[in-house]
Amino acid sequence: MGMGIEAAEEELRQNIESVRSRIAAAADRVGRDADEVGLVAVTKTVPAYRVRPAWELGLTDFGENRVQEAVDKIPLIFPEASSEIRNSSVGIHWHMIGHLQRNKVKYVIPLFDLIHSVDSVRLAEEVDKRAGYAERVMPILLEVNVAGEASKYGFAPDTVAEAVPAITELPHVEIQGLMTVAPIAEDPERVRPHFGRLRALRDRLADHFPDIDWRHLSMGMTDDFEIAIEEGATLVRVGRAIFGERDL
Ligand SMILES: *Cc1c(COP(=O)(O)O)cnc(C)c1O
């Protein structure tokens, strides 16, 4: 939008600094260590040339919600790196945060480090199959529709426990926690109970399934990440507060 490269980078630097200090303050308010909260910078609609500067400014974790966009974009960010060293050698981790169709799983396996959006046993089975072909174990989160919104994907909260045994049978997926996309609310305080519900569900699952390391609660976005941290988030997914408003 006519902004010079230096001005754009300065704005990005300030945005990242501001998000980091807001994360630290939110953690501090509830006596948590800010190191317990991972920042996933959401790059959907953000072109590749704007992602690399964010990595150069110290961000290591990036999220995409559409498979095709990720497949097209990720190779452009480090064009000098071959595909197999692309992610590991530069210390960048990709998070699949959007709804995933089973026929797209094969593209996700080589590019992503964590799938936040597993919302059915059948999807977990496909991830297991494809991760098996690639001789890897794919870390996953189970997406939960805590508010029961018809428009949202995710397990209904009371169906997660019955899905877990089938998923733990799968040798090439590893459950690492839960994820939710909270309802949009004018007042972010109104989403606090939903985050609390996800944490309470995690605690119950941890009691029932103590052999699983339920380490992650992926919750909170630009409008509500501080509340999510106060309620126990270990991964916040922040797009607009870092890269600015999306114009698509
Ligand atoms: C877009 C998106 C985000 C980030 O949203 P912002 O409001 O830009 O921070 C987080 N999670 C998911 C699943 C998304 O699709």
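Counting non-hydrogen atoms of neighbouring residues, nucleotides and ligands closer than 6.0 angstrom, the CZ atom of Arg122 reaches no more than 12 such neighbours. Around atom CZ of Arg190, no more than 12 heavy atoms belonging to other residues, nucleotides or ligands sit under 6.0 Å away.
Considering all non-hydrogen atoms of both residues, Phe62 and Ala54 come closest at CE2-CB, 4.0 Å. The minimum heavy-atom distance between Phe243 and Val42, with the atom names listed, is CD1-O, 3.5 Å. A pairwise comparison of heavy atoms in Ala41 and Ile242 identifies CB-CD1, 3.8 Å as the closest pair. The heavy-atom pair separating Ile229 from Ala27 by the smallest distance is CG2-N, 3.7 Å. Between Ile77 and Ala48, the closest heavy-atom pair is CG1-CB, 3.8 Å. In terms of heavy-atom proximity, Met179 sits nearest to Val181 at CE-CG2, 3.8 Å.
Using modelled atom types and a 3.5 Å distance limit, the side chains of Thr43 and Glu64 yield a donor-acceptor pair. Using a 3.5 Å distance cut-off with no hydrogens or angles, the side chains of Gln68 and Asp72 do pair a donor with an acceptor. A donor atom on one side chain and an acceptor atom on the other are found under 3.5 Å apart for Ser218 and Arg237. Asp113 and His95 form no side-chain donor-acceptor contact under 3.5 Å, judged by distance and modelled atom types alone.
Between Trp55 and Phe78, the two ring planes are perpendicular [angle over 60°; tilted spans 30° to 60°].
Under the rule for a salt bridge (Lys or Arg N to Asp or Glu O under 4.0 Å), the partners of Arg192 that lie at least two apart in sequence or sit in another chain are Glu189, Glu230, Glu231.
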